[in-house]
Amino acid sequence: MIPLSHVLLLSMILFTLGAAGFIIRRNVITVFMCIELMLNAVNLAFIAFAWHRVDLNGQLFVFFVIVVAAAEAAVGLAIIVALYRNRGSLAIDDVDSMKL
Amino acid sequence: MATSSSTGFFLLETVIKVVVILFVLLTSIAYLTWLERKVIGHIQSRWGPYLVGPHGLLQPLADGLKFMFKEDIVPAEVNRAVYWLAPFLAFVMAFLSISVIPFGGSFMLAGHQIALQITDLNVGLLFVFAVTSLGVYSVALAGWSSNSKYPLFGGLRSSAQMISYEISLSLGVIGVLMIAGTFSLREIVERQATLWSHTGFLSLLPRWNVFLQPVGFLVYFTAAIAETNRVPFDLPEGETELVAGFHTEYSSFKFAMFFMSEYANMVTVSCIATLLFFGGWLGPAFGPGWLRVILPVFWFALKVFCFLFFYIWVRGTLPRFRYDQLMAFGWKFLLPLALLNILVTSFVVAWLSA
Amino acid sequence: MGVLFYIAAVVAVIAALNVVLRQTPVYSALSLIVVLASLAAIYLLLGAPLIAMIQVIVYAGAIMVLFVLVIMLLNAGRETPSRGSRFARWAGPPLLVVFFAEFATLVWKQFGLAGPAAPAALDASPRAVGQLLFSSYVLPFEVTSILILVAVLGAVVLAKKQL
């Protein structure tokens with residue numbers, strides 16, 4: 001069988017990679033994708049604990065995380081499109097002031 | 001506990017099933033192209049392929065050889081990795097959804113129960129939808145990686161069309177799921193195995209879901225035609241509109257893969273329509289033991305053939321939708337209709353079970 | 001059974017590295033799809049078939065399509081080097097590795113590397129999930145449906161050329 005600690009370690013590796021990408025990347029869409037990677041790592045931890053503790057509530061929570069991630073992705077990408085239209089660049093460093 | 005001999009048997013059985021089903025699917029796709037050209041030809045008062053073999057029956061073979069030996073032209077500025085990935089992705093996704101489709105009942109062989117299905121997931125129907133939604137990428141990526149106007153427009157329009165009609169596709173079958181209470185395709189068919197009544201006219205009609213869910217069936221099949229990019233929803237790949245849409249810049253083997261995956265998607269969608277609405281493999285089964293195993297597969301194939309013929313018939317008959325008409329139809333008509341169907345079905349199911 | 005988990009885990013980690021390290025957003029997006037698909041396979045192994053299929057249909061099949069279409073629309077090309085704080089970029093990842101080591105130690109002390117025995121089977125059929133969803137979680141369910149409606153309206157308004 002699969003040891004719980006291995007699953008949690010995988011979840012943590014994915015989360016660390018996502019957080020590292022979030023810090024070092026410049027393209028705003030890639031940063032957004034690293035956020036999604038972090039959300040997925042958390043989902044994996046929820047499913048792992050739901051499996052380990054034989055409790056269905058963990059899986060329900062993953063359902064809600066996926067739905068909220070969908071809503072957030074839609075609004076976030078719309079903001080990115082508006083940002084690109086106004087500033088002409090997809091780099092985070094260029095979004096450093098409220099004035100255009 | 002699974003012993004090693006039963007694991008071995010399981011592996012052998014699965015490999016044989018996969019090989020047989022793949023072979024049958026590839027042959028049926030090849031002859032579907034022949035059927036299409038013949039039927040459309042006759043609708044248009046001309047013969048289809050006639051020269052290669054009797055009545056053009058060897059035409060698919062000739063086409064296959066042509067695709068293999070044609071020069072593979074790759075434009076210079078394409079994004080190579082994605083350009084190569086797209087047709088393979090389309091092909092894999094088209095053939096992956098066959099793995100949960102049951103073709104017939106199950107039979108005993110050497111003490112083991114063998115079901116005529118590669119695997120029976122208890123979320124089988126959701127698996128088919130999952131694979132369909134991954135198939136959208138092949139179109140979008142093919143259009144984008146070709147680095148040219150017409151494929152890009154074709155790819156964007158086609159992927160927008162596919163994701164719009166995916167919703168109606170999934171919602172159209174929810175009525176059936178409410179009646180059957182399960183996602184497993186085998187169980188949905190088995191619940192259609194009764195007759196309406198045992199006497200009179202109604203005893204000739206089986207309790208197929210199409211009689212219980214006519215609106216659901218119409219929504220599902222219309223969305224399925226749109227999902228597989230067939231006429232009247234084939235604007236993204238129509239020759240008079242966008243050259244050839246997202247697969248303009250593909251030639252020879254990669255084009256053949258797109259072509260095959262389109263027909264494989266047609267076959268999959270027709271199989272799902274038979275299973276969900278027309279009773280799958282259920283039909284009069286009589287005779288000795290081996291005939292009882294073969295006959296359901298024959299009924300299944302016959303029903304799927306009727307759907308494929310209907311697809312081809314529609315292609316020869318209807319004109320193409322304009323893109324804004326297409327999107328308006330999907331969002332403003334089909335989606336509310338599917339939701340209304342779910343509403344009415346849920347009320348009826350709740351009232352009847354109270 | 002166990003070996004499938006390790007294969008999926010290795011694929012997920014390699015694809016996640018690809019997401020983080022590639023300079024072209026399209027390849028990052030495609031690698032993220034691979035991560036999502038391998039996580040769905042792991043969910044299947046951990047007894048969550050419905051969530052695995054929802055992950056593929058919604059996350060890998062709809063949200064990532066949105067990402068890919070936006071990348072194509074905005075024609076995002078290769079990334080240029082960052083002008084941001086070099087301290088953050090050089091100190092960040094090592095601190096994250098420290099964070100990871102902390103967490104790994106915690107997991108090791110709590111659950112041990114060999115892990116406990118296999119738990120009892122969880123009834124995660126769609127029927128059970130649906131029953132729980134519509135009994136204990138019906139309020140969050142309705143609230144998330146309103147949330148999605150708000151998100152759709154917000155996305156349409158934000159991405160318009162002229163309000």
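Values reported hereafter were calculated over all heavy atoms of this structure, with side chains retained and with hydrogens, waters and symmetry mates removed. Residue numbers begin at 1 in each chain, while the letters A, B, ... track the order of the sequences. The structure displayed is predicted, hence computed values, not measured ones.
The candidate from I13(A), V68(A), L44(A) with the greatest count of non-hydrogen atom pairs under 4.5 Å with chain C is L44(A). By number of non-hydrogen pairs under 4.5 angstrom with chain A, the leading residue of L36(C), V97(C), L132(C) is L132(C). For the options A82(A), A74(A), G76(A), A50(A), heavy-atom pairs under 4.5 Å to chain C are most numerous at A74(A). For chain C, the option among L77(A), I23(A), V31(A) with the highest count of heavy-atom pairs below 4.5 Å is L77(A). Here L60(A) is the residue among I80(A), L60(A), T16(A) with the most heavy-atom pairs under 4.5 Å with chain C. Of all the listed residues (V19(C), I148(C), L39(C)), the one sharing the greatest number of non-hydrogen pairs under 4.5 Å with chain A is L39(C). The candidate from V81(A), L56(A), T30(A) with the greatest count of non-hydrogen atom pairs under 4.5 Å with chain C is L56(A). For the set A159(C), G154(C), G47(C), the count of heavy-atom pairs under 4.5 angstrom toward chain A peaks at A159(C).
With a 4.5 Å cut-off on non-hydrogen atoms, V129(C) touches chain A through its backbone and its side chain both. Both the backbone and the side chain of L74(C) come within contact range of chain A, each with at least one heavy atom under 4.5 Å from a heavy atom of that chain. Looking at F46(A), neither its backbone nor its side chain comes within 4.5 Å of chain C, counting heavy atoms on both sides. For chain A, the nearby part of F103(C) is the side chain; its heavy atoms alone come within less than 4.5 Å. Heavy-atom distances place the side chain of F15(A), and not its backbone, under 4.5 Å from chain C. In this structure, no portion of A91(A) lies under 4.5 Å from any heavy atom of chain C. The parts of L66(C) that come within reach of chain A are both its backbone and its side chain, each placing non-hydrogen atoms under 4.5 angstrom from that chain. Both the backbone and the side chain of V13(C) come within contact range of chain A, with heavy atoms under 4.5 Å apart. Looking at L133(C), the atoms closer than 4.5 Å to chain A (heavy atoms on both sides) sit in the backbone and in the side chain alike. Neither the backbone nor the side chain of Q110(C) comes within less than 4.5 Å of any heavy atom of chain A. Proximity to chain C (any heavy atom under 4.5 Å) is restricted, for D55(A), to the backbone atoms N, CA, C and O.
The line from CG of L8(A) to CG of L106(C) is 10.0 Å long, rounded to the nearest 0.5 Å. The CD1 atom of I71(C) sits 5.0 Å away from atom CD1 of I29(A), with the distance rounded to the nearest 0.5 Å. Going from atom CD of Q59(A) over to atom CG of L50(C) covers 8.0 Å, rounded to the nearest 0.5 Å. The line from CG of L96(C) to CG of L17(A) is 9.5 Å long, rounded to the nearest 0.5 Å. The distance from atom OH of Y84(A) to atom CG of N75(C), rounded to the nearest 0.5 Å, is 6.5 Å. Interatomic distance, I47(A) CD1 to L45(C) CG, rounded to the nearest 0.5 Å: 12.0 Å.
Other residues, nucleotides and ligands contribute only 12 or fewer heavy atoms inside 6.0 Å of the CZ atom of F22(A). More than 12 heavy atoms of other residues, nucleotides or ligands shown are found within 6.0 angstrom of CZ on R85(A).
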Exercise. Could you check L10(A) against I42(C) for side-chain contact (heavy atoms from CB on, under 4.5 Å), going step by step and ending with a plain yes or no?
Key: CA-CA 11 Å; L10(A) 173 66; I42(C) 297 180; 3.5 Å; yes
Self-check item: From CA spacing to verdict: side-chain contact (heavy atoms from CB on, under 4.5 Å), F5(C), V7(A)
Solution: CA-CA 9 Å; F5(C) 168 74; V7(A) 184; 3.7 Å; yes
Quiz prompt | Residue pair V107(C), M12(A): steps toward the side-chain contact (heavy atoms from CB on, under 4.5 Å) verdict | solution = CA-CA 10 Å; V107(C) 164; M12(A) 197 54 196; over 6 Å; no
Practice problem: With side-chain contact (heavy atoms from CB on, under 4.5 Å) as the test, would you mind laying out the steps for T144(C) and F63(A) before giving the verdict? | Solution: CA-CA 11 Å; T144(C) 44; F63(A) 178 84; 5.9 Å; no
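Nearest approach of Y43(C) to N40(A), heavy atoms of both residues: OH-O, 3.8 Å. The two residues L158(C) and A78(A) come nearest to each other via the heavy atoms CB-CB, 3.8 Å. A16(C) approaches L37(A) most closely through the heavy-atom pair CB-CD2, 4.0 Å. The minimum heavy-atom distance between A70(A) and I63(C), with the atom names listed, is CA-CD1, 3.4 Å.
Between Y6(C) and H6(A), the ring centre distance stays below 6.0 Å.
For residues 20-30 of chain C, a heavy-atom distance under 4.5 Å to chain A picks out V20(C), L21(C), R22(C), Q23(C), P25(C), S28(C), A29(C), given by residue number. When the heavy atoms of residues 135-142 of chain C are compared with those of chain A, the residues falling under 4.5 Å are Y137(C), P140(C), F141(C), listed by number.
Side chains of Y59(C) and E36(A): a donor on one and an acceptor on the other come within 3.5 Å.
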